[in-house]
Amino acid sequence: MSRQQGPDESRRPSHLSWPEWWAERLGLGASWREALYHPVPRRSSVFDLLGFMTALAFLNQVVTGIILMTFYSPSVAGAYQSILAIDAVPAEHFVRDLHYWGANAMVVLVGLHLLRVFYVGAYKRPREFQWVSGALLLAVTIGFAFTGYLLPWDQQAYWATTVGTAMASYFPGIGSFLQGLARGGDTVSGATLGRFFTVHVLVLPLLLLALLGLHLLLVFVHGQSKVEEALPEGYRAKHRTGDHSDFPAGDFQPFWPNTVATMLGSALVLVAVLVALAATHPAPLLQQADPLNRANYQPTPAWYFLWIYQLLKLFPGRLDILGIVGLPLLSGFFLIALPFIDRNPSTQRRKRPFALAAGAAAMVFVLGFSYVGSSSAVGPTAAATTASSQAIAHPSFAHNVEPLLTASCQQCHSASSHSGGLVVVSYADLMKGGGLGPVIRAGDPADSLIIQALNGTSQQVTQMPLGGQQLPQSDIQLLSNWIAEGAPDN
Amino acid sequence: MESRPTRRRFMEWFLGLGTGLLAVFYGGASALALWPPAPTSAKLQDMGPVSAFPTGKPTFAVYTAGGAQDGVFVVSQTSGPPTVFDFHCTHLQCAIQWSSGASEFFCPCHGSTFNIDGAVTGGPAPRPLHRHFAEVRNGHVWVGGLSS
């Protein structure tokens with residue numbers, strides 16, 4: 001028998017508030033009250049908001065990511081072109097800038113959140129799985145950063161992904177399989193782009209939502225450690241039953257609306273910072289990916305991988321496997337298993353000197369290596385530094401310069417085909433110069449036309465070798481070194 | 001003792017088998033689709049006449065393997081087929097370059113260097129440059145997939 005339902009019965013009865021009406025429909029019982037009105041200490045710091053701000057940065061990624069996805073084309077032919085098209089429209093470009101800065105913010109915030117939780121010992125009983133789910137969320141965040149890096153399909157994307165996936169090949173036994181699985185072939189190609197795109201926009205978001213759901217559920221179940229410590233003995237159990245008669249006065253405020261207002265404030269600040277960064281520092285885009293690297297592009301690691309990049313230099317030859325596979329795996333395992341390794345029950349700083357010292361040492365290690373890595377990383381500005389360390393410091397004309405000219409320049413600048421009036425067969429020819437005058441100013445490489453032409457910075461001639469691959473920086477540096485020493489006929 | 005399967009035992013058995021079959025089906029289908037393809041070792045490509053590759057000097061050339069472009073350095077030998085090096089460093093696969101001045105290959109990423117025979121002469125590279133299969137047919141250099 002079905003009962004005829006009057007229109008009035010589905011309406012919200014006047015004695016129920018909207019939250020009460022919804023709680024009844026969703027079967028939440030009294031727990032929604034607990035969630036909304038639980039007491040929070042009035043005194044709180046900005047560090048309490050780091051987890052919320054990380055989630056907010058993720059929300060920024062979801063919104064901007066969905067918009068970008070409507071314009072992006074995940075194929076070798078279309079990826080770079082679609083980014084160019086996005087960048088050509090100011091509003092779309094701005095969304096890409098926001099996505100770029102949101103990604104960086106997420107890495108920073110998740111890192112700071114982790115450090116804070118470690119510092120106050122909030123990973124201890126009964127919150128072990130809050131920590132474990134948080135550590136896995138950090139891994140997912142790094143996965144987002146790594147897969148997203150490839151999508152613009154520029155030189156940086158292509159070569160950083162080549163190096164990043166090559167690291168998997170060092171895994172004992174199944175290394176080549178893992179590398180092939182990530183790339184979908186021998187080299188980074190359209191197959192890699194398809195895989196990374198799918199993981200970035202579908203697999204990782206699902207994984208993140210599942211882990212974040214668990215993370216937040218556990219926050220609800222166990223409460224925030226600082227709040228619980230501040231509450232009077234036995235208060236929480238009583239509160240759970242729906243008895244709010246003795247709300248701790250004075251030092252406490254209800255979560256809604258007081259704490260939520262603070263959270264909204266932090267949200268506004270975070271978004272303002274992202275907007276300011278996006279407006280002043282647009283997301284970079286280099287030349288389109290070239291698997292043949294004709295312009296001799298030298299990849300740089302993303303800033304959060306600089307410490308690993310620097311670390312790898314410590315493990316020469318066959319010990320590389322320790323730096324590439326061993327240490328990252330070990331630190332990952334240690335991070336996830338921390339609540340089960342650190343059995344010290346105390347959360348007081350004075351009683352955990354070893355854990356805090358170890359944490360501080362790890363931080364000094366990562367920051368120090370990142371700093372050294374950043375100053376030695378090869379990049380547009382640092383290229384010359386590295387190239388000079390590769391190049392011969394005191395070159396000889398006969399042994400170094402002449403072979404270079406023979407190999408790279410004489411096809412056009414020989415006695416028979418003296419392009420531009422320049423011949424570089426002998427020392428005398430080279431010093432004489434061509435139709436535009438001398439190409440070498442002894443002692444001053446920067447003012448020498450040959451160096452300008454090779455670097456593509458000359459106003460008078462196009463980049464040399466004409467129509468060919470740019471010379472390696474080490475060769476250009478070798479010539480510069482020779483000119484700087486007075487261009488001797490040695 | 002009752003040895004005939006009961007209705008409940010059958011249901012448990014069915015649930016286990018059914019779930020297992022679904023897992024094997026979707027897992028297997030995914031693995032088949034995503035399994036990395038075998039290296040394209042058999043695919044030979046004409047790189048041009050032998051005369052285009054001088055002896056004792058690496059010449060950069062493009063090998064198109066399975067639709068993707070790959071860089072190689074061809075070094076003609078005084079006798080026998082040329083040596084063809086893959087242009088990815090054996091450390092972390094950055095693109096190596098040939099420096100005529102220093103007469104060696106070098107990798108800009110972590111500073112590995114290799115001589116004209118592909119042997120490591122410096123830096124963190126753990127092994128010599130990878131070689132491609134190569135042979136000479138009718139005066140032309142033919143290059144295949146990775147052979148080492």
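Only heavy atoms go into these numbers, but all of them, side chains included; no hydrogens, no water, no symmetry mates. All values derive from a computational prediction rather than experimental measurement. We name chains A, B, ... by the order of the sequence lines, and we start the count at 1 in each one.
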Residues, nucleotides or ligands: over 12 heavy atoms within 6.0 Å of [X] [atom1]:
X      : atom1 : result
A:Q287 : CD    : no
B:R137 : CZ    : yes
B:H140 : NE2   : yes

Where does [X] contact chain A at under 4.5 Å (heavy atoms): side chain, backbone, both or neither?
X     : value
B:A33 : backbone
B:H91 : both
B:T59 : neither

Can you classify the ring geometry of B:W35 versus A:F177 as parallel (below 30°), tilted (30 to 60°) or perpendicular (above 60°)?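 It falls in the tilted class, 30° to 60°.
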With rounding to the nearest 0.5 Å, note down the distance linking OG in B:S99 to CG in A:L404.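 Between B:S99 OG and A:L404 CG, I get 7.0 Å after rounding to 0.5 Å.
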From CD (B:Q69) to OG1 (A:T187), nearest 0.5 Å: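 Spacing of CD (B:Q69) from OG1 (A:T187) equals 10.0 Å.
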Considering all heavy atoms, the nearest [X]-[Y] contact:
X      : Y      : value
A:L292 : B:F60  : O-CZ, 3.8 Å
A:L478 : B:A102 : CD1-N, 4.2 Å
B:P124 : A:D320 : O-OD2, 3.9 Å

Please classify the contact between [X] and chain B as side chain, backbone, both or neither, with a heavy-atom cut-off of under 4.5 Å.
X      : answer
A:I324 : side chain
A:E402 : neither
A:V163 : both
A:S408 : side chain

Between B:R127, B:Q97, B:H88, B:K57, which has the largest tally of heavy atom pairs under 4.5 Å with chain A?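 So the answer, after comparing B:R127, B:Q97, B:H88, B:K57, is B:Q97.
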Should B:D70 and A:D186 be marked as a side-chain contact (heavy atoms from CB on, under 4.5 Å) after you check the CA-CA gap, both sets of side-chain angles, and the distance that decides it? CA-CA 10 Å; B:D70 191 9; A:D186 293 341; over 6 Å; no
Output yes when a side-chain donor or acceptor of A:D475 lies under 3.5 Å from a complementary backbone atom of B:S100, and no otherwise.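 Side chain of A:D475 to backbone of B:S100: a pair is present.
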Residue pair A:Y170 / B:P126, side-chain heavy-atom distance below 4.5 Å: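 Touching, per the 4.5 Å side-chain cut-off.
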Find out whether B:Q93 and A:T165 are in side-chain contact, i.e. whether some heavy atom of one side chain is under 4.5 Å from a heavy atom of the other.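 No, side chains not in contact.
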